[in-house]
Amino acid sequence: MKKIVKFLDVIYYNLYLFFKKTGEIEESAALFAMVFCFEFMISGILLSVCEILNVNLKSNILYIGFVLVLIIWFLLELRYLRKDKYMSIVRKKPIIKSKRFSKIITIVFIILSILPLFVLLPIVSLFR
């Protein structure tokens with residue numbers, strides 16, 4: 001569990017640095033980016049499973065995905081924004097092995113979160 005929390009802290013910190021460089025100073029911008037990554041991931045996986053099982057419940061699956069994303073959003077907001085944990089993360093500067101490796105992990109996480117929705121789903125729907 002500690003490794004997952006550290007992984008999320010590293011992603012939050014790198015996204016925070018990215019939005020700080022782009023001029024968005026609000027702490028919630030990094031949280032929104034994390035939530036959208038999870039949303040793409042969950043929606044893509046649920047819709048792909050729906051296509052594989054040949055179930056026509058796409059609207060219900062999207063509601064389930066939306067509820068899961070809201071739960072994730074609430075938990076992440078509770079962890080980072082409500083308890084002002086983001087300030088301690090920014091001061092602590094969490095990294096995994098090195099700054100460059102941590103940035104690579106964040107970029108890979110963002111790419112992997114987009115893949116299920118924009119790559120996996122079209123591939124699965126072709127074989128239906």
Side-chain angles (χ1 to χ4, degrees):
M1 187 67 172
K2 288 183 180 182
K3 290 183 180 184
I4 294 172
V5 171
K6 184 174 181 175
F7 176 74
L8 290 175
D9 289 348
V10 168
I11 291 173
Y12 180 83
Y13 177 68
N14 286 319
L15 289 172
Y16 176 82
L17 289 179
F18 172 76
F19 284 112
K20 188 176 178 183
K21 286 181 183 178
T22 60
E24 291 286 330
I25 303 175
E26 293 184 21
E27 298 80 21
S28 60
L31 180 70
F32 291 146
M34 284 178 67
V35 170
F36 282 124
C37 288
F38 283 117
E39 179 181 359
F40 287 145
M41 192 181 309
I42 289 170
S43 298
I45 291 171
L46 287 177
L47 287 172
S48 297
V49 167
C50 185
E51 286 287 327
I52 289 171
L53 296 177
N54 200 11
V55 178
N56 195 8
L57 298 173
K58 291 180 184 172
S59 61
N60 293 335
I61 294 293
L62 287 177
Y63 289 131
I64 292 169
F66 181 71
V67 168
L68 288 173
V69 166
L70 284 178
I71 291 169
I72 290 171
W73 191 340
F74 175 74
L75 292 174
L76 288 176
E77 186 172 334
L78 186 67
R79 168 143 176 88
Y80 294 112
L81 297 181
R82 299 254 170 110
K83 293 183 180 179
D84 290 335
K85 180 77 173 175
Y86 70 93
M87 289 304 290
S88 66
I89 291 172
V90 170
R91 282 188 215 114
K92 188 171 62 171
K93 300 177 183 177
I95 59 169
I96 298 175
K97 294 187 182 180
S98 69
K99 287 182 183 180
R100 180 176 289 178
F101 188 69
S102 294
K103 288 179 183 179
I104 290 171
I105 285 177
T106 303
I107 292 169
V108 168
F109 171 75
I110 292 170
I111 291 170
L112 287 178
S113 67
I114 294 172
L115 280 179
L117 188 60
F118 295 112
V119 176
L120 180 67
L121 185 60
I123 291 172
V124 168
S125 63
L126 283 177
F127 292 108
R128 184 170 175 201

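Computed from a predicted structure; not experimentally measured.
- Nearest heavy atoms, Ala30 versus Tyr12: CB-CE1, 3.7 Å.
- Atom-to-atom distance recorded for Ile111:CD1 and Cys37:SG is 10.5 Å, nearest 0.5 angstrom.
- Here the CZ-CG distance, from Phe74 to Leu76, works out to 11.0 Å after rounding to the nearest 0.5 Å.
- To the nearest 0.5 angstrom, Phe32 atom CZ is 7.5 Å from Glu77 atom CD.
- With contacts defined as side-chain heavy-atom distances shorter than 4.5 Å, the pair Phe36/Trp73 does not qualify.
- Taking CZ of Phe109 as the start and CD1 of Ile114 as the end, the distance is 10.0 Å to the nearest 0.5 Å.
- Phe18 CZ: 12 or fewer foreign heavy atoms inside a 6.0 Å radius.
- Shortest non-hydrogen contact noted between Leu15 and Ala33 is CD1-CB, 3.9 Å.
- The distance from the CE atom of Met41 to the CG atom of Leu112 is 7.0 Å, given to the nearest 0.5 Å.
- Taking CD1 of Ile11 as the start and CD1 of Ile110 as the end, the distance is 8.0 Å to the nearest 0.5 Å.
- Nearest approach of Leu8 to Met34, heavy atoms of both residues: CD2-CE, 3.8 Å.
- Ser113 and Pro116 make their closest contact through O-CD, 3.6 Å (heavy atoms, listed as atom of the first residue, atom of the second, distance).
- Ile105 places a side-chain heavy atom less than 4.5 Å from the side chain of Phe7.
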